[in-house]
Amino acid sequence: MASKDNPVPGGLERRKSSTPHYQTFPTPPPKSRGRPPASPTSSSGQDGSGIPPYHTADTDDGNQSSPLPTKQLAILAVIALAEQTALNSISPYLPEMTSTFPEVGEDNAGLYIGVIASSFALAQFATNFFWGWLSDRIGRKPVVMLGTVLTAGCFLAFGFCRTLWQAVLVQTLMGLVNGNQGVVSTCLGEITDRSNQSKAFVYLPVIYGIGGITGPAIGGLLVMPGSSYPYLLPNLFSAAVLLTDLVLTALFLEESLEEAKDLPPLKKRVKNLFSWLWQFTGGAHHPTYLRVHNRNSRHRVDGGLDETTDDSTSENESESQSLLSMPELFPHNSGQLTGKEILNRNTIILLGTYLVFQLSNISFNSLYPIFASSPEPTGRNLSPEEIGLSLSFAGIITIVFQVGIFGKLKEKMGNKATYRSGLFLFFLSMMMIPWVGYRDSPGGVVWLWIELGFVLLVKTVAAVGGLTSALLLITNSAPNHSVLGTLNGLAQTLSAAGRAAGPILSGGLFSVATQVRPKGEVLVWGVFGGIALLGWVASFGIRGESLESSDWDDGSRSQDDDEDEEENAGVGR
């Protein structure tokens with residue numbers, strides 16, 4: 001909330017809240033470490049709540065960390081883990097399931113497996129931005145609940161698929177309705193501030209890693225060979241997990257969008273929606289949803305009471321209102337940000353390099369099993385058990401690095417430096433893996449595993465550390481919370497684009513590489529390594545200390561960061 005003496009850039013006033021709310025987005029940074037000047041507004045705040053206009057991490061005692069909202073972090077972890085477990089449960093049985101379809105032959109099974117997997121990612125590419133935008137309009141909780149219940153329905157349908165077109169259709173629908181990953185990141189950005197956001201975001205990739213272990217285990221163990229629908233049970237289990245997640249979300253997840261807190265409780269809004277649909281489709285002459293409420297009345301979200309006063313209005317006043325209006329369903333923003341304020345230079349470069357980051361990550365994940373299992377000399381002729389063992393090693397490294405090392409490393413380097421390092425480590429891992437030895441090379445199997453383990457270690461550090469830093473940078477680049485869902489939706493849209501293009505491009509290039517002698521594998525890995533290198537070079541255009549968390553040691557702040565802060569501060573003037 002800005003006072004009259006300190007307007008918000010772009011003329012946008014922040015909505016005043018009567019409840020404490022963590023503020024991630026920064027005011028212009030002070031030039032010294034001294035006590036900040038007093039706000040021109042009263043210490044009690046304009047709404048009488050006793051909350052200062054800005055909730056920041058800086059206190060009189062220095063960089064004191066705000067306490068983590070553990071209950072909300074726990075429910076967000078449950079949401080993320082439930083979705084990742086369900087989504088990852090498909091991969092173990094998908095090749096076998098695809099081979100049972102009458103349209104699929106032995107020679108083209110791999111192609112159709114890729115088609116089914118890419119249909120999900122392509123559908124997410126089409127709708128992730130919409131789900132982020134919608135969460136900015138109606139709130140985070142309704143979007144999470146809607147996405148969860150629709151995804152559960154898609155899993156139920158997937159268990160009954162018996163043809164290729166049915167599987168592609170259901171996976172496409174699942175991608176269309178599933179946009180919760182970006183909304184979860186948005187919620188994390190809203191319930192934390194700059195002093196504690198690193199501690200919260202550092203565990204998100206860990207949850208994804210755990211889901212990558214629990215999901216395949218469930219999907220592989222629950223298949224029932226010989227039954228009429230052998231793949232129904234794992235899908236029923238995934239649907240049950242998501243419905244349990246839905247109940248927990250409804251009971252314990254609190255709405256984090258500030259504007260949505262002025263609306264009635266979710267139950268009443270859903271009731272209003274159905275009332276609007278019933279009366280509007282029935283052509284009611286005097287629908288109840290056109291009643292005018294006292295503008296000064298407020299909805300008590302905490303107590304669940306709707307304290308409104310019906311004004312006695314004339315029939316003409318009611319009829320003059322638009323039949324398409326749906327009051328008490330959507331929050332109303334007090335202003336609008338311009339496109340230049342939302343998509344500034346930092347945000348554009350960040351989103352572009354994030355696309356490269358996700359393309360590099362999914363391309364490595366797609367290429368590695370093909371490379372490892374292919375015969376020599378292009379591949380390394382590893383068995384499925386050996387490939388699974390190596391991937392389990394990468395999963396363990398993910399958890400250990402994220403929990404024990406990354407937090408301290410990021411405090412020293414900052415968000416921008418760790419993100420750049422992730423892109424560069426992708427380049428290194430892709431350039432090293434073609435030179436991993438063979439079984440009959442000097443050192444034999446031992447050196448093969450040492451070299452392969454080192455490459456997977458470098459790649460895992462790149463993926464986990466870079467993803468955490470990217471999520472933090474996207475959160476801190478948003479001008480305010482009202483567009484954070486939209487930005488995360490756009491980021492997830494680009495992520496889906498990379499996940500859709502990566503498997504197709506990498507598989508096609510590897511097919512070409514098998515015809516090249518010698519060292520044809522260098523071709524495919526070199527192409528994606530070059531893309532990662534270009535992303536690393538472009539990432540140096542991301543500037544500004546405003547993108548960093550408060551736990552970063554800012555003693556190394558550069559002159560470019562100072563100039564960028566002055567440039568961004570002048571955008572809204």
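Along the sequence shown, residues are numbered consecutively beginning with 1. Here the structure is a predicted model, which means the values were calculated and not measured.
In this view, S360 satisfies the side-chain hydrogen bond (donor to acceptor under 3.5 Å, both in side chains) rule with no residue, not counting sequence neighbours. Residues satisfying the salt bridge (charged side-chain N to carboxylate O under 4.0 Å, His left out) criterion with R420, sequence neighbours excluded, are absent altogether. Applying the side-chain hydrogen bond (donor to acceptor under 3.5 Å, both in side chains) criterion to S89, with sequence neighbours excluded, gives S238. Legend: residues meeting salt bridge (charged side-chain N to carboxylate O under 4.0 Å, His left out) with R162, ordered by chain and number and at least two apart, are absent. In this structure, F158 has no ring pair (Phe, Tyr, Trp, His ring centres under 6.0 Å) partners at least two apart in sequence or on a different chain. A search for salt bridge (charged side-chain N to carboxylate O under 4.0 Å, His left out) contacts involving E83 returns nothing, not counting sequence neighbours.
The stretch residues 223-243 participates, sequence neighbours left out, in these ring pair (Phe, Tyr, Trp, His ring centres under 6.0 Å) pairs: Y93-Y231, F160-Y229. Residue pairs satisfying the salt bridge (Lys or Arg N to Asp or Glu O under 4.0 Å) criterion with at least one member in residues 367-382, sequence neighbours excluded, are listed as follows: R380-E521. Listed by first and then second residue, the side-chain hydrogen bond (donor to acceptor under 3.5 Å, both in side chains) pairs involving residues 446-463 are N361-K459, N365-K459 (not counting sequence neighbours).
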List the atom pairs, with distances to 0.1 Å, where a side-chain N or O of residues 209-221 and a protein N or O form a donor-acceptor pair under 3.5 Å, not counting sequence neighbours.
from, atom 1, to, atom 2, distance (Å)
T214, OG1, T85, OG1, 2.9
T214, OG1, I210, O, 3.2

Give every donor-acceptor pair under 3.5 Å between a side-chain atom in residues 421-434 and any protein atom, sequence neighbours left out.
from, atom 1, to, atom 2, distance (Å)
S421, OG, A417, O, 2.8
S429, OG, L425, O, 3.2
S429, OG, F426, O, 2.9

Pairs of donor and acceptor atoms involving the side chains of residues 70-79, under 3.5 Å and at least two apart or interchain, shall be tabulated with distances.
from, atom 1, to, atom 2, distance (Å)
Q72, OE1, E254, N, 2.9
Q72, NE2, F252, O, 3.0

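A donor and an acceptor atom, one from each side chain of T468 and Y419, are nowhere located under 3.5 Å apart. When only modelled atom types and interatomic distance are considered, N346 and S477 share no side-chain donor-acceptor pair under 3.5 Å.
W435 carries K519 over the face of its six-membered ring, with the cationic atom under 6.0 Å from the centre and within 45° of the normal.
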